[in-house]
Amino acid sequence: LFRSNSRRDIFETLTKYAFPLSNNLIFFAFQNEEKFSENGWSVYQPVSEYHRQGVPNDKWRITFINKKYELCDTYPPLIVVPHEASDQYLRKVAVFRSRNRIPVLSWYHKENECVITRCSQPLVGMSGKRNKDDEKYLDMISDANGKSAKLTIFDARPSVNAVANKATGGG
């Protein structure tokens, strides 16, 4: 692909393939003629994957509350949540989260029962609003977090985004 190390050549080649129509090329997906023996849409089976991880169990449950994407349009149809959180309770928690993205299980360690959950920021705004349902839900996650008594929250956004979100009513 790259015959010389010139930055200009590299830039032009990347630009050529990044904008195929502008360079009279067809899209890569239309060039791929590889055949697969199984339907790609059925390769990932979420319930089977959660079972492989050891879920559901006495601390975590699978819920289909989002089967029609009515709770959160960016979450999958089934989500894993703390066992003690009812679907009705999840709806209450969702109103305090940006785009209703409540904390849900992403990864579960079978041996030590520690978890990784993900969510959007709470809608605290500039006044630092609180929501007791959201806080109780985080306590449920902490209680279900295996042998760890500590709940650590990481904000992966750049700090400027966090400040801007807070100014517009987010968190």
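As the structure is a prediction and not an experimental result, all values here were calculated from the model.
- Heavy-atom contacts from other residues, nucleotides or ligands closer than 6.0 Å to OH of Tyr44 number more than 12.
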TODO: Give the intermediate values and the outcome of side-chain contact (heavy atoms from CB on, under 4.5 Å) for residues Val43 and Glu38.
DONE: CA-CA 8 Å; Val43 171; Glu38 56 188 307; 3.9 Å; yes
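- In this structure, Arg97 contributes its side chain and Ile102 its backbone to no donor-acceptor pair below 3.5 Å.
- Side-chain atoms of Asp133 do not come within 3.5 Å of backbone N or O of Val93 as any donor-acceptor pair.
- Here the CZ-CD distance, from Phe96 to Gln121, works out to 10.5 Å after rounding to the nearest 0.5 Å.
- With Leu151 as the fixed residue, the side chain to side chain contact (heavy atoms under 4.5 Å, CB included) test singles out one of Thr117, Ile141, Asp143: Ile141.
- To the nearest 0.5 Å, the span separating OG on Ser48 from CD on Gln53 amounts to 11.5 Å.
- Checked options Ile62, Ile65, Asn66; the residue passing with Leu78 is Ile62 (criterion: side chain to side chain contact (heavy atoms under 4.5 Å, CB included)).
- Looking only at distances, no side-chain donor or acceptor of Ser142 sits under 3.5 Å from a matching main-chain atom of Leu138.
- Under the 3.5 Å distance criterion, the side-chain polar atoms of Tyr137 are matched with a main-chain donor or acceptor of Pro103.
- If you take CH2 on Trp107 and SG on Cys114, they are separated by 7.5 Å, rounding to the nearest 0.5 Å.
- Atom CG of residue Asn24 and atom NZ of residue Lys16 lie 10.5 Å apart, to the nearest 0.5 angstrom.
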Open item on the list: Quick one, Glu113 with Lys147, criterion salt bridge (Lys or Arg N to Asp or Glu O under 4.0 Å). Give me CA distance, side-chain angles, the key distance, then yes/no.
Closed with: CA-CA 7 Å; Glu113 300 176 341; Lys147 298 174 178 118; 5.3 Å; no
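- Side-chain atoms of Thr74 and Arg101 form a donor-acceptor pair, as typed in the model, at a separation below 3.5 Å.
- Atom NE2 in His51 sits 11.0 Å away from atom CD in Gln45 (nearest 0.5 Å).
- In this structure, Lys136 forms a cation-pi arrangement with Tyr89, its terminal cationic atom sitting closer than 6.0 Å to the ring centre and no more than 45° off the ring axis.
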Task: From CA spacing to verdict: salt bridge (Lys or Arg N to Asp or Glu O under 4.0 Å), Arg8, Glu12 - done: CA-CA 6 Å; Arg8 182 75 183 156; Glu12 288 174 0; 3.0 Å; yes
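- Cluster membership for Ile153 and Ile116, using ILVMFWY side-chain heavy atoms within less than 4.5 angstrom, is not shared.
- In the displayed structure, Glu111 atom CD is contacted under 6.0 Å by at most 12 heavy atoms of other residues, nucleotides or ligands.
- Nearest heavy-atom pair across Ser120 and Ser98 is OG-O, 2.7 Å.
- With a 4.5 Å cut-off on side-chain heavy atoms, Pro77 and Lys68 do not count as touching.
- No donor-acceptor contact under 3.5 angstrom links the side chains of Asn23 and Tyr17, judged on distance only.
- Interatomic distance, Tyr75 OH to Arg99 CZ, rounded to the nearest 0.5 Å: 10.5 Å.
- Trp60 places no side-chain N or O within donor-acceptor distance of the main-chain N or O of Val80, the cut-off being under 3.5 Å.
- Residues Leu90 and Val81 meet the side-chain proximity criterion, which asks for heavy atoms closer than 4.5 Å.
- Under the 3.5 Å distance criterion, the side-chain polar atoms of Asn145 are matched with a main-chain donor or acceptor of Val115.
- Under a hydrophobic-cluster definition in which Ile, Leu, Val, Met, Phe, Trp and Tyr are linked whenever side-chain heavy atoms come within less than 4.5 Å, directly or via other members, Leu21 and Phe19 are assigned to different clusters.
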Open item on the list: With side-chain contact (heavy atoms from CB on, under 4.5 Å) as the criterion, how do Phe64 and Ile79 come out once you've worked through the C-alpha distance, each side chain's angles and the decisive distance to 0.1 Å?
Closed with: CA-CA 7 Å; Phe64 291 88; Ile79 54 178; over 6 Å; no
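- A donor-acceptor contact shorter than 3.5 Å links the side chain of Asn57 to the backbone of Gly54.
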TODO: Evaluate the salt bridge (Lys or Arg N to Asp or Glu O under 4.0 Å) criterion for residues Arg61 and Asp87: first the C-alpha distance (whole Å), next the side-chain angles of each, then the deciding distance (0.1 Å), finally the verdict.
DONE: CA-CA 11 Å; Arg61 71 181 181 92; Asp87 285 358; 2.7 Å; yes
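- The backbone N or O of Arg52 sits less than 3.5 Å from a side-chain atom of Lys110, completing a donor-acceptor pair.
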